[in-house]
Number of protein chains: 2
Amino acid sequence: MLETGFRLTPQRLAILAEVQNAERHLTAGEIFERVRRKYPTIAYGTVYRTLHLLAERGLIQEFPFGDHATRFDRRTDRHDHVHCVVCGELVDVDVPIAILARQVAEEQTGYEIHDHQTVFSGICPTCQEAGHRLR
Amino acid sequence: MLETGFRLTPQRLAILAEVQNAERHLTAGEIFERVRRKYPTIAYGTVYRTLHLLAERGLIQEFPFGDHATRFDRRTDRHDHVHCVVCGELVDVDVPIAILARQVAEEQTGYEIHDHQTVFSGICPTCQEAGHRLR
DNA sequence: ATAGCTGCAAATGGTTTGCTTCGTT
DNA sequence: AACGAAGCAAACCATTTGCAGCTAT
């Protein structure tokens, strides 16, 4: 396919910046709220369209996350996540060992595995602390 | 909490049976459609409420799956999934090796990991075949 | 001029919920 | 009578889409 015109508009830049400067993985709604502070008339549709576009172009990565909203990640390489079941925090982890698991999965199913994503769930250090204080 | 009354009504039995006899992982919508063949007046709300109830009681397991509908699984033990990116098939796998990965994740994040779930994605044998035929 | 982007609003799809009625105990 | 369950419809929430108008090229 031919290279189609692509404009890096102020709105798009702002959306990209929010994802890249975020202290954590934001939902589209959160990104919408933050961008709206600078562009009060921005629409939800624009945010979603832009996020998908940026993901397609490999500038960000999106993670449809469990039963809740999709999160957007500035990291574009393969990696896994850890989720705190108490406060909901979601952080990145690198678990290279899991690559070996692909072979097991291929042998078990006959699939040709191209990718994998692990979500670990547990309790974050902060919530562990809070738990100890309650005892 | 006190044991509260719980009735295993015909509708509930039918929903449980559909999950347990399913040839694959069904969505709530699919379960609704199937149960409706026997109970034409059953409501979506009943299906969802029942599925959550059965999951809470450990009779089935639910997997909020990516950006699409939650799937319901007769297996109630910890296991992983393989997803075909071509036809959408979703099958179970057991990858015990991944348990080791938890330690890596704990060390990296300080989290207390209690669980994990891996979704492998790739191409199922059938779609591999189809692909070969096209060449 | 026109291809591409925005804003708006309506539509979609999965899921949840309030409420009334009904069946069991 | 009292409790739990079912059915129905409306509500919800995240996300998508059609479209008219605007803006850079």
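Protein chains get the first letters and strands the later ones, always in sequence-line order, with residue 1 at the start of each.
Between A:Q11 atom CD and D:dT23 atom P the separation is 11 Å, expressed in whole Å. In this structure, the CZ atom of B:R71 is 11 Å from the P atom of C:dG14, given to the nearest Å. Straight-line distance from the CD atom of A:E33 to the P atom of D:dC13: 14 Å, rounded to whole Å. Between A:F32 atom CZ and C:dC8 atom C1' there is a gap of 11 Å when expressed in whole angstrom units. In this structure, CZ of A:F72 is placed 12 Å from P of D:dA14, rounded to the nearest angstrom. Taking atom OH of A:Y48 as the reference point, atom P of D:dC13 lies 13 Å away to the nearest angstrom. When the C1' atom of C:dG7 is taken as reference, atom NZ of A:K38 falls 19 Å away, rounded to whole Å. The interatomic distance linking A:I31 (CD1) with D:dA14 (P) rounds to 13 Å, in whole Å.
Between B:E23 and B:R74, none of the side-chain N atoms (NZ, or NE/NH1/NH2) sits under 4.0 Å from a carboxylate O, so this pair counts as no salt bridge. Between B:R78 and B:D94 there is no salt bridge, since none of the side-chain N atoms of the basic residue sits less than 4.0 Å from a carboxylate O of the acidic one.
Of the two residues near DNA chain C, B:Y44 and A:Y39, the one whose nearest nucleotide lies more 5' is A:Y39. Both B:L8 and B:G45 lie close to DNA chain D; mapped to their nearest nucleotides by heavy-atom distance, the more 5′-ward contact belongs to B:L8.
You'll find that the side chain of B:R12 is closest to D:dA6, out of D:dG7, C:dG7, D:dA6. Of the candidate nucleotides C:dG7, C:dT15, C:dG18, C:dG18 has the atom lying nearest to any side-chain atom of B:R49. When the nucleotides C:dT16, D:dA5, D:dT16 are ranked by their closest atom to the side chain of B:H52, C:dT16 comes out on top.
Checked by distance alone, A:R7 brings a side-chain donor or acceptor within 3.5 Å of a matching partner on the base of C:dA3.
The six-membered or imidazole ring of A:F120 lies away from that of A:H81, with a centre-to-centre distance of 6.0 Å or more. With ring centers used as reference points, B:Y111 lies 6.0 Å or more from A:H83.
Taking side-chain N and O atoms only, A:T50 has no distance below 4.0 Å to OP1 or OP2 of C:dC5. In this model, the phosphate group of C:dG14 is not approached by any side-chain N or O of B:T70 to a distance below 4.0 Å at OP1 or OP2. The phosphate of C:dG7 has OP1 or OP2 within less than 4.0 Å of a side-chain N or O from A:T41. The side chain of A:T46 contributes an N or O atom lying less than 4.0 Å from OP1 or OP2 of C:dG7.
The distance from atom CD of A:Q20 to atom CG of A:L54, rounded to the nearest 0.5 Å, is 8.5 Å.
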